[in-house]
Amino acid sequence: MSERKEAVKRIKGPKSIRAAYAFVAPYVLLFSLFIVVPVVIAIALSFTNFNTIQMPDFVGFMNYVNLLTRDSIFMQYVLPNTILFAIIVGPGGYLLSFFLAWCLSQVSKGPRTVLALLIYSPSMTSGVAMTVVWRILFSGDERGYLNAMLLNLGWISEPIAFLQSTEYLMPVMIVVALWSSMGVGFLAMLAGMMNIDETMYEAGEIDGIRNRLQEVFYITIPLMKPQMLFGLVMAVVNTFQVGYIGVSLSGANPTPQYAGQLIVNLIEDYGFIRYEMGYASAASVVLLLLIYIITKQSGKIFKED
């Protein structure tokens, strides 16, 4: 008994605490340097008029007032586009990730590894695929794969400019975003499913569970709440930061007639094209608050009891 107490004392001693701080220090340093400091700087710049050359000029809440009450482009195009894009791509990508992870969990290890790599790879190569695949597929002339197919079938009489059209650009962006949404959230869900003890399903069968749908709702989801929450957070964050899709497809920022303009595109437009860093910082703070509120409210779904 005395030996156990001495071991506990050694574990809780000053050397162990210093070792713990030493292990945590690199993460704290990098997190502060690349997350906390940029956020603080962005919040500070949002209250200024800053053109990246002259010293910032303090203007108070004027950037926020202009953004939310006087910027007709933001209220008429950017905000509705962002909300529509988020409503479809966020839940759609999340449910698709869960469904594919569940399907893969039902197959053997070899095919599962290959299929998981194939499903995950678009999230890593979406930038290259944007040019090599999607822009060719939706090209606005008769050489585009989709236009060529529709012309051959006789469904259209002339090519459709999918990537320059106010009618088609947003649907194309949604398709591409869903295709590339199988990222680390998908891998986390797959890992969570693979770590569920098989005896839980056997016990559920004894208790009256009769089909796979009941297994998912009564066993799978409750036992992988941390992975589901992580996937949810990643889905929300990724949905709001994939604004490059519209710019990459259309080749312009702002997108044609603001048809695919999202808040991320607005930030890039004002920050790195017009060099109005104060206004861009205000838009980035609004985006940060929007992501935080949605993540906070959505996280209550998987809150631990």
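Predicted, not measured: the structure shown is a model, and the values here were computed from it. The first residue of the sequence shown is numbered 1, and numbering continues consecutively from there.
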Test your reading of the model: is there a side-chain donor-acceptor pair from D141 to the backbone of G144, 3.5 Å cut-off? yes

Is the CD atom of E158 crowded by more than 12 outside heavy atoms at less than 6.0 Å? no

Mind checking whether L163 and Y168 have side chains closer than 4.5 Å, heavy atoms only? no

Work out which heavy atom in A42 is nearest to a heavy atom in S284; give both atom names and the distance. CB-OG, 4.1 Å

Are there over 12 heavy-atom neighbours, none belonging to F47, within less than 6.0 Å of that residue's CZ? yes

Kindly determine whether L68 and F74 satisfy side chain to side chain contact (heavy atoms under 4.5 Å, CB included), including the steps that lead there. CA-CA 8 Å; L68 299 176; F74 178 79; 4.0 Å; yes

Using a 4.5 Å cut-off on heavy atoms from C-beta on, say whether the side chain of Y201 contacts that of I219. yes

D197: partners by side chain to side chain donor-acceptor pair (under 3.5 Å), with sequence neighbours left out: T199

Between I174 and F85, does the side chain to side chain contact (heavy atoms under 4.5 Å, CB included) criterion hold? Intermediate values first, please. CA-CA 7 Å; I174 291 173; F85 188 81; 4.0 Å; yes

What's the shortest heavy-atom distance between A259 and S165, and which atoms? CB-O, 4.4 Å

Scanning both residues in full, the closest heavy-atom pair of A280 with I267 reads CB-O, 3.7 Å

Where is the tightest heavy-atom contact between N81 and Y258, given as atom of each residue plus distance? ND2-O, 2.9 Å

For E167, what residues pass the side chain to side chain donor-acceptor pair (under 3.5 Å) criterion, not counting sequence neighbours? none

Would N51 and Q54 count as a side-chain hydrogen bond (donor to acceptor under 3.5 Å, both in side chains) here? Give the steps. CA-CA 6 Å; N51 60 7; Q54 299 173 326; 3.3 Å; yes

Could you walk me through whether Y279 and D71 pass the side-chain hydrogen bond (donor to acceptor under 3.5 Å, both in side chains) check? CA-CA 11 Å; Y279 197 79; D71 192 337; 2.5 Å; yes

Below 30° counts as parallel, above 60° as perpendicular, anything between as tilted: where do the rings of Y27 and F31 land? parallel

Between V107 and R112, the two heavy atoms sitting closest are O-NH1, 2.7 Å

Side-chain heavy atoms of W102 within contact of L190, under 4.5 Å: no

With a 4.5 Å limit on heavy-atom distance, are the side chains of Q164 and L169 in contact? no

Looking at residues at least two apart in the chain, or sitting in another chain, which of them share a side-chain contact (heavy atoms from CB on, under 4.5 Å) with N211? L213, Q214

Can you find a pair of side-chain heavy atoms, one from E142 and one from N147, that are under 4.5 Å apart? no

If we only count heavy atoms from C-beta on, is the Y94 to M189 side-chain gap below 4.5 Å? yes

With respect to P254, which candidate in I273, D269, I73 satisfies the side-chain contact (heavy atoms from CB on, under 4.5 Å) definition? D269

Do the non-hydrogen side-chain atoms of P56 and L45 ever get within less than 4.5 Å of each other? yes

Lys NZ or Arg CZ of R18 over Y21 ring: under 6.0 Å, within 45°: no

In terms of heavy-atom contacts, S97 and S181 come closest through OG-O, 3.9 Å

Heavy atoms, side chains only, cut-off 4.5 Å: are M193 and F98 in contact? yes

In T82, N253, L79, the residue satisfying side-chain contact (heavy atoms from CB on, under 4.5 Å) with Q261 is N253

More than 12 heavy atoms of other residues, nucleotides or ligands under 6.0 Å from OH of Y218: is that the case? no

